[in-house]
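Heads up, the thing below is written out as structure tokens.
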Number of protein chains: 2
Amino acid sequence: MTRHGKRADLIVHEQDPFNAETSLAALAEGPLTATDAFYVRGHGSVPEIDPAAWRLRVHGLVERELNLSLMTLREAFREREVVATLQCAGNRRAGLMAVRDIPGEAPWGAGATGTATWTGVALADVLALAGPLEEAAHVGFVGADPSDEAEPAQPFGGSIPLDKACRPEVLLAWGMNGEPLPAVHGAPVRVVVPGYIGARSVKWLERIEVRSAPWEGYFQDVVYRLLPEDGTPGPGAGMPLGLVALNADVLSPADGETVRAGPVEVRGYAFAGGERHVARVDVSLDGGTRWSRAQLLDDLGRWAWRHWRTTVELPPGEHEILVRAWDSSAATQPEDEAALWNPKGYVNNARPRVRVRAAP
Amino acid sequence: MTRHGKRADLIVHEQDPFNAETSLAALAEGPLTATDAFYVRGHGSVPEIDPAAWRLRVHGLVERELNLSLMTLREAFREREVVATLQCAGNRRAGLMAVRDIPGEAPWGAGATGTATWTGVALADVLALAGPLEEAAHVGFVGADPSDEAEPAQPFGGSIPLDKACRPEVLLAWGMNGEPLPAVHGAPVRVVVPGYIGARSVKWLERIEVRSAPWEGYFQDVVYRLLPEDGTPGPGAGMPLGLVALNADVLSPADGETVRAGPVEVRGYAFAGGERHVARVDVSLDGGTRWSRAQLLDDLGRWAWRHWRTTVELPPGEHEILVRAWDSSAATQPEDEAALWNPKGYVNNARPRVRVRAAP
């Protein structure tokens with residue numbers, strides 16, 4: 001075990017704030033990611049919170065301000081469970097950094113994502129008690145984790161549209177994979193916003209602010225925005241991220257691996273994000289001229305990725321395995337990773353490729 | 001005027017069933033498409049319907065079957081207006097046919113799309129009166145237009161998920177751009193499903209069937225499905241289309257046009273489909289190495305495309321103008337049109353390009 005109850009095979013990008021991604025081998029174990037292998041993207045030190053003293057304040061454009069204890073939250077609302085994939089906007093940044101360096105950003109591979117069963121109450125139910133006013137259009141979340149990454153330093157925060165906040169899948173969660181939410185994942189209570197970038201699933205939740213405008217804090221107004229290639233981060237620059245874009249990667253074999261020539265099993269994940277689902281995954285061995293269909297594995301519901309598998313026949317020699325996923329709008333991934341380069345290294349959703357050597 | 005009250009500059013693919021697309025010049029006139037220029041995709045002859053005798057039957061998995069006159073529909077429910085872009089799944093098929101022929105399909109250019117103001121009642125309000133049963137999951141629509149394209153011959157039909165059907169933007173519409181819906185567009189009443197392929201916006205609506213499963217008729221179970229390159233149409237083959245995939249095209253200058261060297265205005269449309277919106281449009285003159293930002297024009301609401309414009313400096317000579325749109329999930333369009341080829345020629349959403357000659 002490394003720190004925070006995590007397995008030793010996590011790839012740690014930073015110790016404090018703790019930032020670590022899941023190994024592809026651990027992701028390949030199955031469509032539900034074990035808690036001790038689940039990626040962590042932190043922006044500040046893990047705060048120590050006494051659950052008995054914890055209060056959740058709900059304020060802003062509401063008829064009735066709330067100040068709820070954990071006990072009230074657990075007793076006054078219906079408990080719900082959602083299987084949801086979280087994915088960091090910086091997932092697969094390493095591929096963009098290979099094109100051109102991105103100083104000051106961690107080189108996340110394809111393991112800044114994972115799927116868990118989350119337990120808690122619907123944010124919608126809490127909002128219904130507070131009663132959003134007519135002008136309410138966004139719901140902001142603030143954590144208990146002051147971050148020096150922000151300018152000025154501030155707790156992590158962000159918002160989602162009220163429309164999304166009122167859907168039953170958005171949780172205030174205290175459980176992960178059937179166990180109490182670990183401290184490093186936001187205990188006592190975190191937000192889980194299925195289909196949205198991980199940054200909106202604010203950990204160590206302390207405050208919910210119902211607003212007329214999107215969040216104006218650093219983590220939504222300056223970062224977690226897609227800049228054009230020649231853009232400079234600044235308040236309101238670029239487009240705000242939110243919905244996750246269709247993405248996929250190969251989990252096995254590993255890039256650079258030597259496999260035995262003959263039939264080789266290829267496995268991976270694909271995640272549609274938003275309200276879409278993965279409709280098809282194709283695999284090509286000739287750079288994209290001919291494609292074969294992979295088999296989509298366990299369907300864990302509309303908020304979870306799909307794992308997929310296929311068997312390809314590899315004669316001895318060097319091979320490149322190229323993959324493309326399709327979502328339920330029949331949209332597929334862009335080809336050219338280099339053309340997706342952006343100054344903060346977000347949303348690399350280019351078609352993944354791994355190079356392998358088949359040994360006789 | 002050609003038949004059906006349409007302008008002479010429509011590009012007619014077929015007279016009966018009437019199939020005609022809007023000229024790009026007409027689309028370029030503004031973000032709202034004039035009714036007499038709006039594209040038509042028909043699968044059967046335009047039926048003659050007496051509005052006074054017309055009835056709408058609502059049946060299937062409902063507590064209460066309905067059989068409504070047009071007067072009741074107009075008087076008993078709140079009138080609503082939605083600006084929505086419709087787009088045929090075959091829009092831009094000509095680009096795929098240039099890669100490899102698609103026998104038996106019309107070579108639609110980029111004008112199988114348009115945006116209008118639709119007036120009617122929310123399908124949700126009618127469904128609420130009927131009372132969907134617990135097992136209800138899809139809502140099917142049947143028109144009054146028998147089609148010989150189907151095997152066996154049958155009226156046009158299709159379904160959408162109940163979840164979408166209950167959103168306020170889905171209309172049973174009798175008005176288009178402030179005038180009565182013309183016969184060729186589905187009078188007296190058509191469905192308008194914003195964000196979905198045009199095929200779900202069933203014209204000459206006669207029957208609504210609340211179901212547990214998606215529509216099993218020809219126009220959803222056999223066609224309007226994306227097949228893999230080597231697939232063969234058949235019941236349930238390929239993935240059903242529904243949500244529109246992010247798309248864009250250049251409206252001016254035209255492909256092959258000679259323009260005057262110097263500053264040249266480039267205009268076009270971009271449409272995100274589904275619940276997404278267009279977040280950015282980029283233009284490149286060097287094949288995609290450097291991109292500049294186009295200006296997004298009038299925002300007509302979440303169900304409408306965005307027109308865009310930019311000015312590029314073209315020295316004398318040959319040029320290729322390449323465009324890519326981005327949606328609110330930070331997804332962009334695939335590059336390679338050839339790789340999108342499919343046996344029925346649907347969903348060509350590759351980055352558009354036009355070649356122009358700048359004369360000194």
Side-chain angles (χ1 to χ4, degrees), chain A residues 89 161 163-164 167 195-197 224-231 238-247 272-280 282 284 287-293 296 302 322 324 326-336 338-342 346-351, chain B residues 89 161 163-164 167 195-197 224-231 238-247 272-280 282 284 287-293 296 302 322 324 326-336 338-342 346-351:
Chain A
D163 184 46
K164 174 70 177 177
R167 304 229 177 135
Y196 274 60
I197 58 167
Y224 293 112
R225 301 179 76 93
L226 191 80
L227 293 162
E229 298 83 350
D230 54 357
M239 72 171 86
L241 300 176
L243 300 173
V244 171
L246 175 67
N247 213 334
E275 305 221 320
R276 302 187 177 186
H277 62 264
V278 174
R280 200 174 97 196
D282 299 338
S284 175
T289 303
R290 282 170 307 157
W291 298 89
S292 61
R293 251 52 58 205
L296 298 181
R302 62 191 295 198
L322 179 65
R324 65 178 181 190
W326 301 76
D327 74 16
S328 43
S329 79
T332 186
Q333 301 174 256
E335 288 91 338
D336 184 4
L340 298 180
W341 191 94
N342 62 88
Y346 296 128
V347 195
N348 179 5
N349 73 331
R351 298 179 181 181
Chain B
D163 184 46
K164 174 69 177 178
R167 304 230 177 133
Y196 273 60
I197 58 167
Y224 292 113
R225 301 179 76 93
L226 192 80
L227 293 162
E229 298 83 350
D230 54 357
M239 72 172 87
L241 300 176
L243 300 172
V244 172
L246 176 66
N247 212 334
E275 303 222 319
R276 302 187 177 185
H277 63 264
V278 174
R280 201 174 97 196
D282 300 338
S284 176
T289 303
R290 283 170 306 157
W291 298 89
S292 61
R293 251 51 59 203
L296 298 180
R302 63 190 295 199
L322 179 64
R324 65 178 181 189
W326 300 77
D327 74 16
S328 44
S329 79
T332 187
Q333 302 174 257
E335 289 91 338
D336 185 4
L340 298 179
W341 191 94
N342 60 87
Y346 296 127
V347 196
N348 178 5
N349 73 332
R351 299 181 180 179

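Note on naming: letters A, B, ... go to the chains in the order of the sequence lines (proteins, then strands), and numbering restarts at 1 for each one. What you see is a predicted model, and the numbers here were worked out from it, not measured in a lab.
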query = Do A:Asp327 and B:Leu243 come within less than 4.5 Å of each other through their side chains, counting heavy atoms only?
reply = no
Could you tell me which non-hydrogen atom of [X] sits nearest to which non-hydrogen atom of [Y], and how far apart they are?
X: B:Arg351; Y: A:Pro334; value: NH2-CB, 4.2 Å
X: B:Met239; Y: A:Ala279; value: SD-CB, 3.5 Å
X: B:Asp230; Y: A:Arg293; value: OD1-NH2, 3.0 Å

request  = Please flag which part of A:Asn348 lies under 4.5 Å from any non-hydrogen atom of chain B: side chain, backbone, both or neither.
outcome  = neither
key: By side-chain contact (heavy atoms from CB on, under 4.5 Å) - contacts of A:Ala245 (at least two apart)   = A:Val347, A:Asn349, B:Ser329, B:Ala331
message = Once salt bridge (charged side-chain N to carboxylate O under 4.0 Å, His left out) is applied, do any residues pair with B:Arg290, and if so which ones, sequence neighbours excluded?
response = B:Asp286
key: Per-residue contact mode, B:Gln333 against chain A (heavy atom under 4.5 angstrom)   = backbone
ask   = Given the options B:Asn342, B:Asp336, B:Asn247, B:Leu246, which has more heavy-atom pairs under 4.5 Å with chain A than any of the others?
value = B:Asp336
ask   = With chain A, which of B:Ser292, B:Pro228, B:Ala339, B:Gly242 has the greatest number of heavy-atom pairs at distances under 4.5 Å?
value = B:Pro228
ask   = So which of A:Lys164, A:Arg167, A:Arg276 actually passes salt bridge (Lys or Arg N to Asp or Glu O under 4.0 Å) with B:Glu275?
value = A:Arg167
request  = Just give me the residue among A:Val244, A:Ile197, A:Asp282, A:Leu241 that pairs up with chain B most often, heavy atom to heavy atom, under 4.5 Å.
outcome  = A:Val244
